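Note that the coordinates shown come from a computational prediction; the quantities given were computed from them, not determined experimentally.
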Amino acid sequence: MLNQNINISAAIVLYNEEEEELLQAINSFLSSKLTKKLFLVDNSTSKFTNATILNHPDVVYIFNNRNLGFGRANNLVIDSIKDVSEFHLILNPDTKFDPNILDELTTELIKNEDLALITPAIKFPDGSHQYSVRKYPSFFDLIIRKLGVFKSRIHNKEYRDIDLSQPFYPDAVHGSFMLFKTEDFVAVDGFDERYFLYLEDIDICKKIDTLGKKKLFYPKVTVTHALKKESSKKLKLFFYHFSSAIQYFLKWL
């Protein structure tokens, strides 16, 4: 448990990250003028050793010494942030952003009582748009996305048929940058830990629906995200993705 109330907490789950890239994400958050606490939840087999970061007064380091999976690792901070932080950010280690966007995003969350989660526009490092908000998928949608066929259906599921320069309420948002009201993140018990990796972000959006709350895509501010698409490159990660898909559809359909 943190010993004082703060404006915003954040969690970054680490797994053998490139330090230079990771430091961009860490410093983006730590440069915010809000009162804050950053949890580095390390699923790697060796410890993160950057003394400057580990000794920072706004950093809490948790070393698991094994890969607990994305959702379970994120959930380790729930008891520490409950009734302490006003907002909680789920942040990927391959992101970077202007720290001032946190002020604008938290202001939007405060303005709307029905809003549980907000996400900005996500850009690739080359500045191109990343389609990070989605309609809820069918099993068929996940298959055709992996096969790269029926592109018009995939594009429709990514809301490409509407003006993505304007805010709106999507079904689901990508897990690279999810800013919650902490009370709502806690109310849904964080992520479903049955997902080891992948689709836990879609699942938590479904859980937000059960609260009668909304999710807002807010493209007036942007975040850069590398998006490595590892599940397309490694068989083991593809298996995790497929297993999560089965879990998701057994749960919700």
Inset, instruction - Tell me whether Phe185 is reachable from Val60 by hopping between hydrophobic residues (I, L, V, M, F, W, Y) whose side-chain heavy atoms are closer than 4.5 Å. - result: yes
Inset, instruction - Answer yes or no: is there a donor N or O on one side and an acceptor on the other, between the side chain of Gln247 and the main chain of Ala245, under 3.5 Å? - result: no
Inset, instruction - Verify side chain to side chain contact (heavy atoms under 4.5 Å, CB included) between Asp184 and Leu211, making sure each step is shown before the conclusion. - result: CA-CA 8 Å; Asp184 292 322; Leu211 298 178; 4.0 Å; yes
Inset, instruction - Determine whether the side chains of His225 and Thr95 contain a donor N or O and an acceptor N or O closer than 3.5 Å. - result: no
Legend entry - Parallel, tilted or perpendicular: ring planes of Phe97 versus Phe177, cut at 30 and 60 degrees: perpendicular
Inset, instruction - Using a strict 4.0 Å threshold on nitrogen-to-oxygen distance, state whether Glu183 and Lys181 make a salt bridge. - result: no
Inset, instruction - Taking the side chain as every heavy atom from C-beta outward, state whether Cys205 and Met178 have any pair of such atoms under 4.5 Å apart. - result: yes
Inset, instruction - Start with the C-alpha distance between Thr107 and Leu105, add both sets of side-chain angles, then the distance that settles side chain to side chain contact (heavy atoms under 4.5 Å, CB included), and finish with yes or no. - result: CA-CA 5 Å; Thr107 297; Leu105 293 172; over 6 Å; no
Inset, instruction - Output the distance between atom OG (Ser9) and atom CD1 (Ile90), rounded to the nearest 0.5 Å. - result: 8.0 Å
Inset, instruction - Ignoring hydrogens and angles, tell me if any N or O in the side chain of Asp163 forms a donor-acceptor pair with the backbone of Ser165 under 3.5 Å. - result: yes
Inset, instruction - Taking atom types as modelled, find out whether Glu104 and Tyr218 have a side-chain donor-acceptor pair closer than 3.5 angstrom. - result: yes
Inset, instruction - Using a 4.5 Å cut-off on heavy atoms from C-beta on, say whether the side chain of Pro167 contacts that of Pro219. - result: yes
Legend entry - ring-ring contact (aromatic ring centres under 6.0 Å, His included) assessment of Phe180 paired with His88: CA-CA 5 Å; Phe180 294 86; His88 183 63; 7.4 Å; no
Legend entry - Any donor-acceptor N or O pair under 3.5 Å, side chains Asp209, Tyr136: yes
Legend entry - Residues in side-chain hydrogen bond (donor to acceptor under 3.5 Å, both in side chains) contact with Asp161, at least two apart in sequence or another chain: none
Inset, instruction - Could you grab the distance from atom NZ of Lys37 to atom OG of Ser80, nearest 0.5 Å is fine? - result: 10.0 Å
Inset, instruction - Work out which heavy atom in Ser28 is nearest to a heavy atom in Lys96; give both atom names and the distance. - result: OG-CA, 3.5 Å
Inset, instruction - Would you please name every residue forming a side chain to side chain contact (heavy atoms under 4.5 Å, CB included) with Lys33, sequence neighbours left out? - result: none
Inset, instruction - Take Ile122 and Tyr131 through the test side chain to side chain contact (heavy atoms under 4.5 Å, CB included) and record every step on the way to the result. - result: CA-CA 7 Å; Ile122 310 293; Tyr131 293 96; over 6 Å; no
Legend entry - Smallest separation among heavy atoms of Leu23 and Ile53, with atom names: CD2-CG1, 3.7 Å
Inset, instruction - Quick one: closest heavy-atom pair of Gly190 and Ile204, and the distance? - result: O-CD1, 3.6 Å
Inset, instruction - Using the rule that two of Ile, Leu, Val, Met, Phe, Trp, Tyr join whenever any of their side-chain heavy atoms come within less than 4.5 Å, decide whether Leu38 and Phe87 are in one cluster. - result: yes
Legend entry - All side chain to side chain contact (heavy atoms under 4.5 Å, CB included) counterparts of Asp114, not counting sequence neighbours: Asn112
Inset, instruction - Please determine if Asp203 and Arg194 form a salt bridge, counting it only when a charged side-chain N lies under 4.0 Å from a carboxylate O. - result: no
Inset, instruction - Quick one: pull up CG in Leu30 and OG1 in Thr52 and give me the separation to the nearest 0.5 Å. - result: 11.5 Å
Legend entry - Short side-chain to backbone donor-acceptor contact, Glu17 and Tyr15, under 3.5 Å: yes
Inset, instruction - Please examine the side chains of Phe196 and Ser244, heavy atoms only from C-beta on, and report whether any two atoms are closer than 4.5 Å. - result: no
Legend entry - From Leu22 atom CG to Asn16 atom CG, the distance as rounded to the nearest 0.5 Å: 11.5 Å
Legend entry - Cluster link Leu216 to Ile8, ILVMFWY, side chain under 4.5 Å: yes
Inset, instruction - With salt bridge (charged side-chain N to carboxylate O under 4.0 Å, His left out) as the test, would you mind laying out the steps for Asp192 and Lys251 before giving the verdict? - result: CA-CA 11 Å; Asp192 187 330; Lys251 178 177 178 179; 2.8 Å; yes
Legend entry - Considering all heavy atoms, the nearest Ile101-Val223 contact: CD1-CG2, 3.6 Å
Legend entry - Check: Asn7 side chain, Thr35 main-chain N or O, donor-acceptor pair, under 3.5 Å: yes
Legend entry - Pairing residues for Lys123 by the side chain to side chain contact (heavy atoms under 4.5 Å, CB included) criterion, not counting sequence neighbours: His129, Thr222
Inset, instruction - Determine yes or no for a side-chain-to-main-chain donor-acceptor pair under 3.5 angstrom, with Lys213 supplying the side chain and Ile208 the backbone. - result: no
Legend entry - Passing candidate, side-chain contact (heavy atoms from CB on, under 4.5 Å) with Asn64, options Thr45, Val13, Asn43: Asn43
Legend entry - side chain to side chain contact (heavy atoms under 4.5 Å, CB included) between Leu40 and Ile62, intermediate numbers included: CA-CA 6 Å; Leu40 298 176; Ile62 302 170; over 6 Å; no
Inset, instruction - First locate atom OG1 of Thr182, then atom CG of Leu109, and finally report the distance between them rounded to the nearest 0.5 Å. - result: 9.5 Å
Legend entry - Minimum-distance pair of heavy atoms, taken over all atoms of Lys36 and Ile6: C-CD1, 4.0 Å
Inset, instruction - Kindly say whether Phe124 contributes a backbone atom to a donor-acceptor pair with the side chain of Thr224 at under 3.5 angstrom? - result: no
Legend entry - Nearest-0.5 Å distance that lies between atom OG1 in Thr106 and atom CD1 in Ile118: 8.5 Å
Inset, instruction - Check whether Leu89 and Ile12 end up in the same hydrophobic cluster, where Ile, Leu, Val, Met, Phe, Trp and Tyr are linked by side-chain heavy atoms less than 4.5 Å apart. - result: yes
Inset, instruction - Kindly write out the residues that satisfy side chain to side chain contact (heavy atoms under 4.5 Å, CB included) with Lys157, not counting sequence neighbours, or none if the list is empty. - result: Lys135, Asp141, Arg153
Legend entry - Heavy-atom pair of closest approach, residues Lys206 and Trp252: CB-CZ2, 3.4 Å
Inset, instruction - Say whether Leu117 and Tyr195 are linked into one hydrophobic cluster, either directly or through other cluster members, by side-chain heavy-atom distances under 4.5 angstrom. - result: yes
Inset, instruction - Could you note down all residue pairs passing ring pair (Phe, Tyr, Trp, His ring centres under 6.0 Å) where residues 29-79 supplies at least one of them, sequence neighbours left out? - result: Phe70-Phe191
Inset, instruction - Please check if the distance between the ring centroids of Phe217 and Phe168 is under 6.0 Å. - result: yes
